[in-house]
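Notes follow once the structure below has been shown.
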Amino acid sequence: MRNQKRAFSKVRFNIIYLILAIWGIFIFRELWQQSQQIATIPYSEFQSLLKDNQVSEVIVSDNYLRGELKEPRGDRKKQFVTTRVETTLSKELDQYGVKFSRVVENNFFRDVLSWILPVLLFFGIWMYLGRKMAERGGLGGGFLSVGKSKAKIYVETDIKTTFSDVAGTDEAKDELKEIVSFLKNPQTFGRLGARMPKGVLLVGPPGTGKTLLAKAVAGEAAVPFFSISGSEFVEMFVGVGAARVRDLFEQARQKAPCIIFIDELDALGRARSIHPMAGGHDEKEQTLNQLLAELDGFDTKAGVVLLAATNRPEILDPALLRAGRFDRQILVDRPDKKGRLDILKVHVKKVTLAPDTQLEEVAAITPGFTGADIANLVNEAALTATRRNAKEISIQDFTLAIERIVAGLERRNRLLNPLERKTVAFHEMGHALVASALPGCDAVHKISIIPRGIGALGYTIQRPTEDRYLMTKEELINKMTILMGGRSAESLVFDRLSTGAADDLARATEIARSLVTRYGMVEKLGPVTYETDPIGYLGPSPYSLVNKHYSEETSREIDCAVKELMEIANRNARRILEKHRPVLERGADLLLAKETLVESDLLQLFSDIAPKVSFARESTSEFI
């Protein structure tokens, strides 16, 4: 934008000087003509000279009479000029002795300005509108610079981000340090004949810090940084995207060594389709083809490194991911407990933290949080402490911030009738009691019957003891049993069911179906996968379609197996609740009185419940 303004100012400067030059020429011409003019005399005097026989020669034109006297008169020259007057009028005026002459108006400037001013006004308005539309990125701006790259260019001094600002991604940082070494010392790095990868693709879920890592690479290497989103290449005009790709790489070669960073690469590099209805020759494919061509002609010795980021690598075109283009893929995954602790240490530097706040506890209760989630968590904790007029942020503020992020905003104005409050209390206490009775389950951290979010009338929070990447069949059934604990408690105490367990049923059914169709953990159906979701590199897509490769008879057996697993989980939950019903009722009464129970209250309440045997293991004969 700065270059565009500078170019417009230069054009305006040149136009002003051109107008002044033309105006000067006109003035000079007029003055020169006046200096060359001969003395002008009135027409009546000309008639007198004519009567006195003083005129030797006359040249007649439409408006003037130019002549020469026989002898000079006084200080006058022999040449003279006078304007013509109508003969009849001159006779009448001469009859009464009136001195008369004629004036011929000079309309040169008026005639010139009559067509110059409209043209200048038109071009001025056109250039003004063009500049305004260019500033807004509209159609006019796109027309004036239609093939120019929209990449934001940051010079070395603009980027203050370094690897010290990035935490929780140690493996990704180690991979990218090679890029920095190459950009700083390309000769030393390639002394054994090795070449730098042409392209490095950062892959990871949203919010894990892919863009931050790319900026850190540029900050560490102290080189220019070209940043652009994949969607900025594509316009309504065919060929514009390809022109912008060419312009981007041309600018990068001129500023080498440098880094090109393309964010959201999937907007540009989506796999090309051969289906006739998919549009095989649209603008996106032309842009992708140009990018592939630029990567093929990319000389790594020039010191230009291409970084790209995406959270949907499964939809990228295979030609883009082949060796020689994006040679290296770096996974930037959700951080583990240690990574979350490191990220917390980075973000809490900007806030006032209480001395007794244990960040390890915060890292333990935030499994699955990305770097962006943790940054938001620290900010929400700071806002929570501010609302209660505290001078420091405590662990209580972090806990409330997590509840606000995960469960939603408290809705104390949603008043439940006594029967609904009692039902919700037994429901949540059923979850907590079953979770405390089963071994290997996460400890219950908090229970509340205060409504939150859109539809949650209560919630139970479990504190994970560690990050888990694998789960056994027994652990999955225990998880289903915990989910069925709320529904079983309602059925046991009130001898009826409510709609409050709808979400629990859906989640438990999903686990049971995965046990049967994806994990092959049911003996009747054998070690076979029946449903293969087109799962991406980062997990299942919410828009993916399930491919079924089995008969209707097998489909019926799958439904029966899922139903039987759900019944086992329900029986296990009811068996635990029947065994510890006094604890269930005592806990529900306490929850109704206090509305919220924390970990210390629950430890005292469940002190007599020792999770010695898993009912899932005990009822192995019930497994299908």
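Each residue takes its place number in the sequence, starting with 1. If you're wondering where the values come from, they're calculated on a predicted model, not measured in any experiment.
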* Plane angle bin for Tyr550 and Tyr530 - parallel if under 30°, tilted between 30 and 60°, otherwise perpendicular -> perpendicular
Modelled atom types, side-chain donor and acceptor of [X] and [Y], under 3.5 Å:
| X | Y | value |
| --- | --- | --- |
| Asp373 | Thr370 | yes |
| Asn478 | Glu474 | no |
| His431 | Asp504 | yes |

* Structure fact -> Note: Leu470 and Glu475 closest approach over all heavy atoms is O-OE1, 4.2 Å
* How close do Lys255 and Phe226 get, heavy atom to heavy atom, and via which atoms? -> CD-CZ, 3.6 Å
Taking the side chain as C-beta and beyond, is there a heavy-atom pair between [X] and [Y] under 4.5 Å?
| X | Y | result |
| --- | --- | --- |
| Ile395 | Gln358 | no |
| Ile511 | Leu483 | yes |
| Phe326 | Leu306 | yes |
| Pro313 | Thr310 | yes |

Ignoring hydrogens and angles, tell me if any N or O in the side chain of [X] forms a donor-acceptor pair with the backbone of [Y] under 3.5 Å.
| X | Y | value |
| --- | --- | --- |
| Lys215 | Thr162 | no |
| Ser227 | Phe261 | no |
| Lys173 | Val166 | yes |
| Arg334 | Gly368 | yes |
| Arg340 | Pro335 | yes |
| Thr352 | Ile393 | no |
| Ser514 | Glu510 | yes |
| Glu599 | Val444 | no |

* Rounded to the nearest 0.5 Å, how far does CG of Leu265 lie from OG of Ser229? -> 10.0 Å
* Can you measure from CG (Leu307) to CZ (Arg328) and round to the nearest 0.5 angstrom? => 11.0 Å
* Enclosure of Lys479 NZ (heavy-atom neighbours >12, cutoff 6.0 Å) -> no
* Matching residue for Met521 among Ile477, Leu515, Leu565, Thr472 - test: side-chain contact (heavy atoms from CB on, under 4.5 Å) -> Leu515
